[in-house]
Number of protein chains: 2
Amino acid sequence: MDKPPRPSRSDVFLNYKIWLSGLVGHGQIQSEIFALLEAIRNHETLKSAADSLGLSYRKAWGQISEAEQILGYSLLVKQRGGKEGGKSSLTSSAIKLLEAYRALQQRFDESVEAAYTDFINKLNNG
Amino acid sequence: MDKPPRPSRSDVFLNYKIWLSGLVGHGQIQSEIFALLEAIRNHETLKSAADSLGLSYRKAWGQISEAEQILGYSLLVKQRGGKEGGKSSLTSSAIKLLEAYRALQQRFDESVEAAYTDFINKLNNG
DNA sequence: TAGCGATATGAAAAAATTTGCATAACGATA
DNA sequence: TATCGTTATGCAAATTTTTTCATATCGCTA
């Protein structure tokens with residue numbers, strides 16, 4: 001799933017994942033979508049972003065579409081046609097969301113370590 | 001999934017779940033198993049514990065079996081036959097694991113709130 | 001030693017999810 | 001106005017997960 005186990009002297013590993021949900025639509029916004037948003041920011045098209053992540057265009061498109069439905073606002077400015085066929089870029093809302101999520105994720109990563117240590121101690125001694 | 005969204009002034013909710021994995025077998029030990037262990041502690045048989053949670057005996061048995069496989073040690077002392085048909089009780093390892101997990105879960109519950117607040121602030125202002 | 005109720009487990013069936021296929025539409029450019 | 005590569009989307013197929021069914025074993029007690 002989301003996080004690989006951390007190394008330890010124990011025989012049990014702790015894993016966790018975080019995700020978002022919205023008021024408008026039902027469903028979950030998983031961490032994968034943020035990787036996709038970052039790839040779109042880098043590649044300028046949904047297609048090449050999907051390719052770079054090993055996703056089918058169909059799936060990437062579906063993920064974006066579902067997330068937008070859940071959030072109730074657009075994540076991408078998409079245009080089709082033209083010489084290059086089309087392109088996509090992040091809305092300012094998407095950029096904000098992406099950055100807030102990354103900070104959140106980092107904060108979790110840092111605090112999980114201590115919780116895990118206590119857990120193992122309790123398991124072995126407590 | 002695991003946690004219901006917390007109330008907020010925002011249009012986005014944060015959810016998380018934690019689970020364990022082991023060295024011995026492959027797979028995941030989800031939070032549901034701890035509810036099952038608690039029910040077994042209360043009901044004395046796997047069957048009535050399963051019933052109390054609305055699980056089929058088959059499924060409950062499978063969850064225990066899988067968890068034991070992953071951890072590499074027994075969670076239940078099970079005996080079958082006899083007037084009452086049989087009964088199950090938690091091993092001391094299972095009790096330790098259960099208690100350590102509950103403490104871990106509580107710790108997470110408490111710390112997630114602050115992280116979520118920061119997240120929302122970043123989303124609205126930052 | 002017959003019966004009862006729980007443990008034990010494989011395997012089929014059903015449900016849910018994911019993946020992939022096919023096909024249309026778009027529009028700047030040449 | 002023909003082309004090209006992307007966006008757009010329904011739908012069938014495949015895969016995975018979950019649920020249900022069937023059947024056996026066990027051993028105390030009457």
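Each chain gets a letter, A, B and so on, in the order its sequence line appears, and its residues count up from 1.
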Review point. Which residue, A:Gly82 or B:Lys83, contacts DNA chain D at a nucleotide closer to its 5' end, judged by nearest heavy atom?
Key: A:Gly82
Practice item. Applying side-chain hydrogen bond (donor to acceptor under 3.5 Å, both in side chains), run through A:Tyr116 and A:Asn15 and close with a yes or a no. Key: CA-CA 9 Å; A:Tyr116 180 54; A:Asn15 310 266; over 6 Å; no
Review point. What are the two closest heavy atoms between A:Ile18 and A:Gln105, and how far apart are they?
Key: CD1-CA, 4.2 Å
Review point. With a 4.0 Å cut-off, would you call B:Asp51 and B:Lys47 a salt bridge?
Key: yes
Practice item. Using whole Å, report how far CD of A:Glu66 lies from P of C:dT17. Key: 11 Å
Point to revise | Closest-nucleotide 5' rank along DNA chain D - winner of A:Gly62 and B:Glu84 | key: A:Gly62
Practice item. Indicate the ring-plane relationship of B:Phe108 and A:Phe108, choosing parallel, tilted or perpendicular according to the 30° and 60° boundaries. Key: tilted
Review point. Once you round to the nearest 0.5 Å, how far does OG of B:Ser88 lie from NZ of B:Lys78?
Key: 6.5 Å
Check your understanding: Can you check the A:Gln28 CD to C:dT18 C1' distance for me, whole Å?
Key -> 15 Å
Point to revise | Side-chain donor/acceptor contact of A:Arg80 with base of D:dT7 under 3.5 Å | key: yes
Exercise for review: Would you please test B:Thr45 and B:Tyr57 for side-chain contact (heavy atoms from CB on, under 4.5 Å) and show each step?
Suggested key: CA-CA 10 Å; B:Thr45 73; B:Tyr57 172 82; over 6 Å; no
Point to revise | Phosphate OP1/OP2 of C:dA6: any B:Ser88 side-chain N/O under 4.0 Å | key: no
Practice item. May I ask you to evaluate whether B:Trp61 reaches the phosphate of C:dT7, defined as a side-chain N or O under 4.0 Å from OP1 or OP2? Key: no
Check your understanding: Across the strands shown, which category fits B:Gly81 at heavy-atom distances under 4.0 angstrom: base, sugar-phosphate, nothing?
Key -> base
Please list each protein N or O that sits under 3.5 Å from an N or O in nucleotides 16-20 of chain D, with the distance.
from   : atom 1 : to      : atom 2 : distance (Å)
D:dT19 : OP2    : B:Lys59 : NZ     : 2.5

Exercise for review: Quickly work out the B:Lys87 NZ to D:dC28 P distance and round it to whole Å.
Suggested key: 12 Å
Review point. Tell me: OH of A:Tyr57 to P of D:dT6, nearest whole Å?
Key: 10 Å
Exercise for review: May I have the distance from A:Glu68 (atom CD) to D:dT9 (atom P), rounded to whole angstrom?
Suggested key: 11 Å
Check your understanding: How long is the line joining CG of A:Leu46 and P of D:dG5, in whole Å?
Key -> 17 Å
**Study point:** Rounded interatomic separation in angstrom, taking NZ from A:Lys47 and P from C:dA25
**Key:** 21 Å
Practice item. Evaluate side-chain contact (heavy atoms from CB on, under 4.5 Å) for B:Leu76 paired with B:Leu90, printing each intermediate quantity in order. Key: CA-CA 5 Å; B:Leu76 299 187; B:Leu90 304 189; 3.4 Å; yes
Revision key, fill the gap. In whole angstroms, the gap separating C1' of D:dG5 from NZ of A:Lys78 amounts to 17 Å
